[in-house]
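Each remark here refers to the structure printed beneath this line.
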Number of protein chains: 2
Amino acid sequence: MKSQVTLKELARKLGIATSTVSRALKDNTEISIETRIRVKKLATELNYEPNALALSLRRSKTYTIGVILPELVHFFFSTVISGIEDVTFSKEYNVILCQSNESLEREISNCKALFNHRVDGIIACISKETTNYNHFIALQEKGIPLVFVDRENPVDASKIISGDFNGAYDATQYLLKSGCKRIIHLAGPQNLVLSQERMNGFLKAHQEYGIATDENQIVRCGGGETHEAFEIVRNLIEKKYLFDGIFAVNDMAAVGALKAVQSAKLRVPEDVSIIGYSDWALCAFISPPLTTVQQKGYEMGTKAAELLLKEMHSKDTFIEPSIIVLPTKLILRESTRILIQNDH
Amino acid sequence: MKSQVTLKELARKLGIATSTVSRALKDNTEISIETRIRVKKLATELNYEPNALALSLRRSKTYTIGVILPELVHFFFSTVISGIEDVTFSKEYNVILCQSNESLEREISNCKALFNHRVDGIIACISKETTNYNHFIALQEKGIPLVFVDRENPVDASKIISGDFNGAYDATQYLLKSGCKRIIHLAGPQNLVLSQERMNGFLKAHQEYGIATDENQIVRCGGGETHEAFEIVRNLIEKKYLFDGIFAVNDMAAVGALKAVQSAKLRVPEDVSIIGYSDWALCAFISPPLTTVQQKGYEMGTKAAELLLKEMHSKDTFIEPSIIVLPTKLILRESTRILIQNDH
DNA sequence: CTGTTAGCGCTTTCAT
DNA sequence: ATGAAAGCGCTAACAG
């Protein structure tokens, strides 16, 4: 970087004090109009831009927030970061972005880096590996406002979470109401509360509907990837394990399941109904278009950013954490049968 | 933020000078072993972390790079940022992320914010609106290394671009070789060099194949969105405009075209072959799976970050810009007919 | 209306 | 082996 234009340099060129330049630039009325004009003119000429570092150091405030997300390439997270960025941009905050790559070690490193940069606050989504939360608690102890998104965890902080239980409940209920007799659930990693919640919603819907479930209906689907689900479902079919509905922990798994069902010459939704989770971009375009539970990632991002900014600006030293549950929405497409509404 | 632990505080607690503490912490051999141990012990106890702001100010180096991307939610860009982040993380750099939302005004604002933060370098992809490049040139004049990704532009800077011309050429050639007689091209915004290149590749392939093209084969498809392409193609079919191949400027448009073709009861690929561009996640899962030109977003991100870091660390004041063209790859799926190789 | 001074947290030269 | 002092760029209290 070439030599920067600084207040000092402006002052020297104009033969006045730096403090005068500083004041003139912010239109302080104590400074004479003429001086203000002279200063601003030169500043524009030399393309002066204030050094945010010096300002931050001075103010002990960086106007920067940190964001830690597991994987940027996942559609859901990309919508979250997009939401965050839109809000912070409008409030003239900047975002330092870190991706933990689902690694605890990297997440810890991210926390440290963000603290060192003295970000004014942090929005984070824990990695799949995270079972210890000391690095987040350390942040809080250092007084940095922290808001979690999406994946639940035991830290006593504000959170924007998705109504996983309800989303799963709604999806399962729909399958049941539309006539499914035996539904399997492709479950996600059990250390993620989200996986548990979706499983619990699945179970609860059965219970309320008066249908017993057995453990064979819950099938672990490791990382919830397409190929895993494909293998699992193909296996079930080969073993003549019968089912007429699938509720998958996410859309990728649902797509794998769909392919497996179709490759066994079973029809979707006539023979098997399938519901995914997340409403990935692809869902509407596969064949048949996938019924799924929509999670509002963008909204989660904006809400998280708004909440964080609010907490950052709060005068209180102690802030009661807020937990905001964002409702999900069942998007009906053609991988499920049509439900004849009988209202009452 | 609560009171920070600073060098000064450590020094006070230990009854020594801050400069000694500073040195001890970095294992300066001029400091006695005992002092070093004492200092480090207290630093660990109090959870001391250096203030990156102060360091940056002192060193005139922030170990931070800025990234400006049009839209984070697009799969391609999310892979780019992911690639960038992985490289910078491994080199202990941080990323300040901005999304321009395809707005020139916002892009200008992003440039300013990044400069104010005194980032050590910038990676940017111009917005669709950008036709004036002064804000980028200003950055260069201030001596900030700049690397562009993906969308070509006239600024004299290093660039990692995708071989759009060749990608389009390959795709078109495949259609031709597999028997298409009349192919239409759904073209993108013409102010984007990428759109022009893809169109030129389309034309060149015809030319080399000895097939004349007329302007009716090039159909403007505004923003290249799914619904636009759907309307356009449906219209063409209704007007009995004949074609047996479609090369779309991107996958979204290709999907729209596919739906339109199918809804007119034409078969893909038997009646109409379709090729998209970008290899979005959805491509493999729609029906039929879409043949597309794969762009290596992640690799583009890593390459851009590596090049930027290299330029940042160069001692030379003037650096000859490098233009790296990343080859594309035609991913054959089922929206195109199978080509019988005749390796003459 | 403007200048002087101190200090944000850190490193580094120069003394001792 | 350690300390004092200056300075990175900026602001704000204080002085005049």
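Hydrogens, waters and symmetry mates are skipped; everything else that's a heavy atom, side chains included, is used. First the proteins, then the strands, lettered A, B, ... as listed; each starts at 1.
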>> What I want to find out is whether A/Lys41 reaches A/Glu45 closely enough, with some N-O distance under 4.0 Å, to be called a salt bridge.
In response: yes
> In whole angstroms, how far is the C1' atom of C/dG9 from the CG atom of A/Leu53?
Replying inline: 12 Å
> Which nucleotide sits closest to the side chain of B/Lys8: C/dC8, C/dC10, C/dT2?
Replying inline: C/dC8
>> Students often get this wrong, so: under 4.0 angstrom with heavy atoms, is B/Ile16 touching a base, only sugar-phosphate, or nothing?
In response: sugar-phosphate
> Tell me: CD of A/Gln4 to C1' of D/dC10, nearest whole Å?
Replying inline: 12 Å
> Hey, does A/Ile160 have a side-chain heavy atom less than 4.5 Å from the side chain of A/Ile123?
Replying inline: no
> Roughly, in whole Å, what's the span from CD in B/Glu30 to C1' in C/dT12?
Replying inline: 11 Å
>> If I take atom CG in residue B/Leu57 and atom C1' in nucleotide D/dC8, what distance separates them, rounded to the nearest angstrom?
In response: 4 Å
> Can you check whether B/Ser60 has a side-chain N or O nearer than 4.0 Å to OP1 or OP2 of D/dC8?
Replying inline: no
>> Rounded to whole Å, how long is the line connecting atom CD of B/Glu34 with atom P of D/dT2?
In response: 8 Å
> Are any non-hydrogen side-chain atoms of A/Arg106 and A/Ser127 less than 4.5 angstrom apart?
Replying inline: no
> Closer than 4.0 Å, any side-chain N/O of A/Thr20 to the OP1 or OP2 of C/dG3?
Replying inline: yes
> In terms of side-chain heavy atoms of A/Arg23, which of D/dC10, C/dC10, C/dT2 is nearest?
Replying inline: C/dT2
>> Within the 4.0 Å heavy-atom criterion, would you say B/Lys61 contacts the bases, only the backbone, or no part of the nucleic acid?
In response: nothing
> Does B/Thr18 or B/Ala54 map to a spot on DNA chain D nearer the 5' end, using the closest nucleotide for each?
Replying inline: B/Thr18
>> Mind checking if B/Thr35 touches a base, just sugar-phosphate, or nothing, with heavy atoms under 4.0 Å?
In response: sugar-phosphate
>> In whole Å, I'd like the distance from the CG atom of B/Leu7 to the C1' atom of C/dG7.
In response: 15 Å
> Tell me: CG of A/Asn51 to P of C/dG9, nearest whole Å?
Replying inline: 16 Å
>> I want to confirm an ordering. Mapping B/Ser19 and A/Ser32 to their closest nucleotides on DNA chain C, which one lands closer to the 5' end?
In response: A/Ser32
> Are any of the side-chain nitrogens in B/Glu9 or B/Lys13 under 4.0 Å away from the carboxylate oxygens of its partner?
Replying inline: yes
> How long is the line joining CG of B/Leu14 and C1' of D/dT2, in whole Å?
Replying inline: 13 Å
> Would you call A/Glu129 and A/Ser100 a side-chain contact if the rule is heavy atoms closer than 4.5 Å?
Replying inline: no
>> Nearest to the B/Ala17 side chain among D/dA4, C/dT4, C/dC10, which nucleotide is it?
In response: D/dA4
